[in-house]
Amino acid sequence: MSTTQITGVAVNTQASVYFDGKCVSHGITFPDGTKKSVGVVLPATLTFNTGAPEIMECVAGGCEYKLAGTDAWLTSGPGEKFSIPGNSSFEIRVTEAYHYICHFG
């Protein structure tokens, strides 16, 4: 099941906009200092770099993704997650809006 609501957090109201508006996200911070981002990727094929490890949780829509060093495109839909190592990258292909929560660390 997809996460539908996150309570008790501080929301960064200034959006982070990437790839000429193809990806828009807002940072959220939990009372314990944990940070995540919530956003949407619009139809495109994009490459993201990671500093820390990330888990991408699909809330709505779907995507195909390919982790650095692999040749296989995999799919992720509502309620599904995929992990990306730190100091790495992944490609993402989106044909319909992909709504996500990015869990850092």
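The residues of the chain are indexed from 1 along the displayed sequence.
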Review point. Which atom names give the shortest non-hydrogen contact between G8 and P31, and what distance separates them?
Key: O-CD, 3.1 Å
Check your understanding: Do F19 and F48 have ring centres separated by under 6.0 Å?
Key -> yes
Check your understanding: If every non-hydrogen atom of A60 is compared with every non-hydrogen atom of C58, which pair is closest and at what distance?
Key -> O-SG, 3.5 Å
Point to revise | Distance, nearest 0.5 Å, that separates CZ of F90 from OG of S83 | key: 11.0 Å
Review point. With sequence neighbours left out, what residues match H103 under side chain to side chain donor-acceptor pair (under 3.5 Å)?
Key: K36, E57
**Study point:** Value rounded to 0.5 Å, distance of NZ in K66 from OG in S89
**Key:** 9.5 Å
Study note, to complete from the structure: Joining Ile, Leu, Val, Met, Phe, Trp and Tyr whenever any side-chain heavy atoms lie under 4.5 Å apart, the cluster holding V17 also takes in V24
Practice item. Working to the nearest 0.5 Å, report the span between CE of M56 and CD1 of I84. Key: 6.0 Å
Practice item. To the nearest 0.5 angstrom, please state how far the OG1 atom of T3 sits from the NZ atom of K81. Key: 6.0 Å
Point to revise | For G105 against A52, the heavy-atom pair lying closest together | key: N-CB, 4.3 Å
Check your understanding: Can you tell me how far the CG atom of N87 sits from the OG1 atom of T50, to the nearest 0.5 Å?
Key -> 6.0 Å
Exercise for review: Indicate the atoms forming the closest heavy-atom contact of T7 with Q5, along with that distance.
Suggested key: CG2-NE2, 3.4 Å
**Study point:** Single-linkage hydrophobic cluster, 4.5 Å side-chain cutoff, I28 and I101 together
**Key:** yes
**Study point:** Nearest heavy atoms of K22 and A44, plus distance in Å
**Key:** CD-CB, 3.8 Å
Check your understanding: Linking I/L/V/M/F/W/Y whenever any side-chain heavy atoms sit under 4.5 Å apart, do F104 and V9 land together?
Key -> no
Check your understanding: Mind checking whether F82 and S76 have side chains closer than 4.5 Å, heavy atoms only?
Key -> yes
Point to revise | CZ (F30) with more than 12 external heavy atoms under 6.0 Å | key: yes
Check your understanding: Would one find more than 12 heavy atoms of other residues, nucleotides or ligands at under 6.0 Å from atom CG of D71?
Key -> no
Check your understanding: Rounded to the nearest 0.5 Å, what separation is found between the CG atom of L74 and the SG atom of C63?
Key -> 9.5 Å
Point to revise | Side-chain heavy atoms of V94 within contact of L42, under 4.5 Å | key: no
Review point. Got W73 and R93 here, is their nearest side-chain heavy-atom distance under 4.5 Å?
Key: yes
Point to revise | V40 with Y18, same ILVMFWY side-chain cluster at under 4.5 Å | key: no
Review point. Short question: side chain of S37, backbone of H26 - any donor-acceptor pair under 3.5 Å?
Key: no
Point to revise | Heavy-atom side-chain proximity of Y100 to V59 below 4.5 angstrom | key: no
**Study point:** side chain to side chain donor-acceptor pair (under 3.5 Å) involving T95 - partner list, sequence neighbours excluded
**Key:** none
Check your understanding: Is the closest side-chain heavy-atom distance between T29 and T34 below 4.5 Å?
Key -> no
**Study point:** Side-chain touch L46/V41, heavy atoms, less than 4.5 angstrom
**Key:** yes
